[in-house]
Each structure stands twice: as C-alpha cells, then as structure tokens.
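The structure under discussion appears below in the form of structure tokens.
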Amino acid sequence: MRQEEGMINQTEVAGGMSGSTLKMIAIVTMLVDHIAATLIYRTMNHEMLVNGVVSLEQKDAYISAHIVMYSAYMIMRIIGRIAFPIFCFLLVEGFLHTRSKGKYAFRLAFFALISEIPFDMAVRNEICSFEGQNVYFTLLLGLVAMICLDWIKKKWIGKTWLLILFGLLTMALFMKIASYLKTDYAAGGVLTIIVMYLFQKNKMKRMGFGVLALLCCGVMECFAFVNLFFVKKYNGKRGSSLKYIFYWFYPVHLLILAFICVALKI
C-alpha cells in the first residue's frame, strides 16, 4: 500500500533508516535550532538592551565576554540546518506516494494557519506579525508547485520546449509568492523542493542538489550536506506511523518556547 511518506522502489537499503527515523532526526534538530533562535537569542538581546550595548564595538565586547553562550547559539543553529532539507526530502516522498494530493495539501494548509500565531509569538514576540510566515507555508507552496509541474509534464509530454518554458514559469511564480509572503526559507525553500522533485528518482542526488539549491539562503546551509549520510542509510520504508507527530509538534513546541520566553521576561 502506498503511504504518504512512501517508499523509494530503487536503491533500497537493507536495514538502514526508515522515513520515521529521518523525520525524528529532523524534529530533534529543528527543536535544537528553535531553542537557540528563541531562548538563547532573546536572552543575549535582552542583556545587551539592559546594558545599553548599541555600537558594534560594544556588541563584539559582549560576545567576547559571553563566548560560551554565543558558541552554544552558533553550534545549535548549525545543527538546525539539518532539519529543513529532510522535511523537503520527505515532502517529495509524500507527493510521490500519497493517495490524495488534495488532502495532503489541505493538511499542510490547515497546520500552516494554526501554526502562524505560535510562530509569530516565538520568533517575532508578537501575536500577529506579517514580517514572516511559518515553514508550513513554504512546504505548501512547494507541494502545489510539484502538483503543477506534474500536470505540465503529463500535459506536454514529448514537447521539450513547452515543458521547459512552463516549468520555469511555474518555478518562478511559486518562488515569487514565497518571497512576497516572506515564508520561512522563502524562495530558496521552494527552489529546494522543486530541485528535489526534479531528482526524485535518485535519493542521493535529490538531497545533494536540494542542499545546493538551499545555499542561496546562506552559506551556513552547507552544514546540511551531512544529510547525505542519513539519506544514504534511508531504506525507502515508512517505519513507525508518525504522520501527525510533526504536524502537531511544530505549533505546540513553538507555543511552549514562546511561553517560556514570556515567563523569563525576555
């Protein structure tokens, strides 16, 4: 039976990591990243504000005096680079094997909406902010882009120039939408998903070229190449049913982090 996380029929690995194992790796590394981006980052900003640290020289001096905290922050953010490409990888798996792409898109849209307030509270320290939207919107745009590209491929099969033209227009459109909405990872995130879709038949190329595309978001994303090790171990099997763990974990953990920040007054 086809499942949302699906199976790669080629290059399966005996034993290895299942889709649920990959998802847990992504969830844990995402949590590490978000703890740094909220608790540690806000703590440093709060202390600099209280102590009147404004100039670049003062900030450099503060970092030198708090090198352990700053180092922990950077290491945790580096670890966090692992998460997003894995979610993109599994999104492509879901697209390839789900029984209903419409229901898949609806779930992403639903959780994108209910995650927005927790995201704004944790990241922006506001109940509602339009300065950035949560990663579910990026994943949703990537999924809809793949649906469109799949339709284009079937519509103009054998007509190479039309495939290329409409494929590029579709890619540009959804990247522009992501950039306009200021979704997490924005245009670079959608590009990563589309590139992974184009290399869907080879898991190593899918992840490798996907991370290359993600580098447009910043050089720190290069640490995501460690995912090639995890994907190499991926056996194409679904594993334990974690279908809704990430869906709910994302807004819940952001809400908890936001409440902790409020409790600490940072």
Side-chain angles (χ1 to χ4, degrees), residues 4-5 19 22-39 41 76-95 104-126 128-147 174-197 207 210-211 213-218 220-221 223-224 227 242-258:
E4 185 171 299
E5 282 71 29
L22 284 180
K23 184 169 288 189
M24 287 306 301
I25 291 172
I27 288 174
V28 171
T29 53
M30 177 184 68
L31 176 60
V32 170
D33 183 56
H34 288 175
I35 290 173
T38 55
L39 300 182
Y41 180 76
M76 292 170 75
R77 295 309 305 270
I78 287 171
I79 292 172
R81 300 311 95 212
I82 293 172
F84 182 70
I86 293 180
F87 287 126
C88 293
F89 181 91
L90 294 175
L91 180 75
V92 176
E93 283 287 270
F95 170 80
Y104 196 4
F106 176 80
R107 281 194 297 272
L108 287 175
F110 174 76
F111 281 96
L113 292 175
I114 68 171
S115 297
E116 191 56 25
I117 289 178
F119 177 80
D120 290 339
M121 290 175 64
V123 177
R124 304 292 175 186
N125 195 25
E126 298 178 20
C128 182
S129 171
F130 297 101
E131 292 301 311
Q133 320 310 323
N134 70 78
V135 77
Y136 270 127
F137 285 104
T138 309
L139 297 176
L140 175 61
L141 288 171
L143 176 63
V144 177
M146 289 191 289
I147 292 173
F174 283 95
M175 289 176 65
K176 183 64 176 179
I177 293 173
S179 180
Y180 177 78
L181 293 177
K182 299 178 182 178
T183 67
D184 205 5
Y185 288 95
V190 173
L191 176 62
T192 299
I193 294 168
I194 292 174
V195 169
M196 287 191 177
Y197 164 80
M207 179 58 76
V211 174
L214 192 60
L215 287 177
C216 69
C217 293
M220 186 178 282
E221 304 301 332
F223 291 100
N227 284 326
L242 299 175
K243 187 174 182 179
Y244 287 101
I245 285 184
F246 170 67
Y247 286 125
W248 284 110
F249 181 85
Y250 185 76
V252 170
H253 92 280
L254 287 175
L255 196 59
I256 292 172
L257 289 174

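Values below: every heavy atom of this structure, side chains too, minus hydrogens, waters and symmetry copies.
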In this structure, CZ of Arg81 is separated from CG of Leu214 (nearest 0.5 Å) by 8.5 Å
Nearest heavy-atom contact between Phe95 and Met146 is CZ-O, 3.5 Å
Would you find more than 12 non-hydrogen atoms of other residues, nucleotides or ligands less than 6.0 Å from Phe223 atom CZ? no
Supply the atom-to-atom distance Met76 CE to Leu39 CG, rounded to the nearest 0.5 angstrom. 8.0 Å
Looking only at heavy atoms, what is the nearest atom pair of Ile82 and Pro85, with distance? O-CD, 3.4 Å
Least distance between heavy atoms, Phe84 atom then Val135 atom: CE1-CG2, 3.5 Å
Look at the side chain of Thr29 and the backbone N and O of Ala26, then say whether any donor-acceptor pair between them is shorter than 3.5 Å. yes
Tyr244 vs Tyr247 aromatic rings, parallel, tilted or perpendicular, using cut-offs 30° and 60°? tilted
Take Leu31 and Ile27 through the side chain to side chain contact (heavy atoms under 4.5 Å, CB included) test and state the conclusion after the steps. CA-CA 6 Å; Leu31 176 60; Ile27 288 174; 5.6 Å; no
Check whether any side-chain heavy atom of Glu221 sits under 4.5 Å from a side-chain heavy atom of Tyr185, and report yes or no. yes
Would you check if the side chain of Asp184 reaches a backbone N or O of Asn134 as a donor-acceptor pair within less than 3.5 Å? no
Met207 CE to Thr192 OG1 distance, which is reported to the nearest 0.5 Å: 10.0 Å
Roughly how far, to the nearest 0.5 Å, is the OG1 atom of Thr138 from the NZ atom of Lys182? 14.0 Å
Answer yes or no: are there more than 12 heavy-atom neighbours, outside Tyr41 itself, under 6.0 Å from its atom OH? no
Ring centers of Phe87, Tyr136 separated by less than 6.0 Å: no
Beyond-backbone contact of Phe89 with Val211, side-chain heavy atoms, under 4.5 angstrom: no
For Tyr250 and Ile114, run side chain to side chain contact (heavy atoms under 4.5 Å, CB included): C-alpha distance rounded to whole Å, both residues' side-chain angles, the deciding distance at 0.1 Å, then the answer. CA-CA 10 Å; Tyr250 185 76; Ile114 68 171; over 6 Å; no
Would the number of heavy atoms belonging to other residues, nucleotides or ligands and lying under 6.0 Å from CD1 of Ile117 be above 12? no
Could you tell me how the ring of His34 sits relative to the ring of His253: parallel (under 30°), tilted (30 to 60°) or perpendicular (over 60°)? parallel
Non-hydrogen side-chain atoms of Met121 and Leu254 separated by less than 4.5 Å: no
With heavy-atom distances below 4.5 Å as the criterion, would you say the side chains of Leu108 and Leu91 are in contact? yes
Let me confirm one number: the CE-CZ distance from Met30 to Phe249, rounded to the nearest 0.5 Å. 5.0 Å
Nearest heavy atoms of Cys88 and Ile193, plus distance in Å: SG-CG1, 3.6 Å
Measure the CZ-CZ distance between Phe137 and Phe111 for me, rounded to the nearest 0.5 Å. 13.0 Å
Is there a side-chain contact between Gln133 and Phe119 in this structure, where contact means two heavy atoms from C-beta onward sitting under 4.5 Å apart? no
For the residue pair Leu140 and Phe174, establish whether any side-chain heavy-atom pair is separated by less than 4.5 Å. no
Sub-4.5 Å side-chain heavy-atom contact between Ile147 and Leu143: yes
Atom of Ser179, atom of Ala186 and distance for their closest heavy-atom approach: CA-CB, 4.3 Å
Can you name the nearest heavy-atom pair linking Ile177 to Leu141, along with the distance? CG2-CD2, 3.8 Å
Within a strict 4.5 Å, meaning less than it, do heavy atoms of the Ile79 and Asp33 side chains meet? no
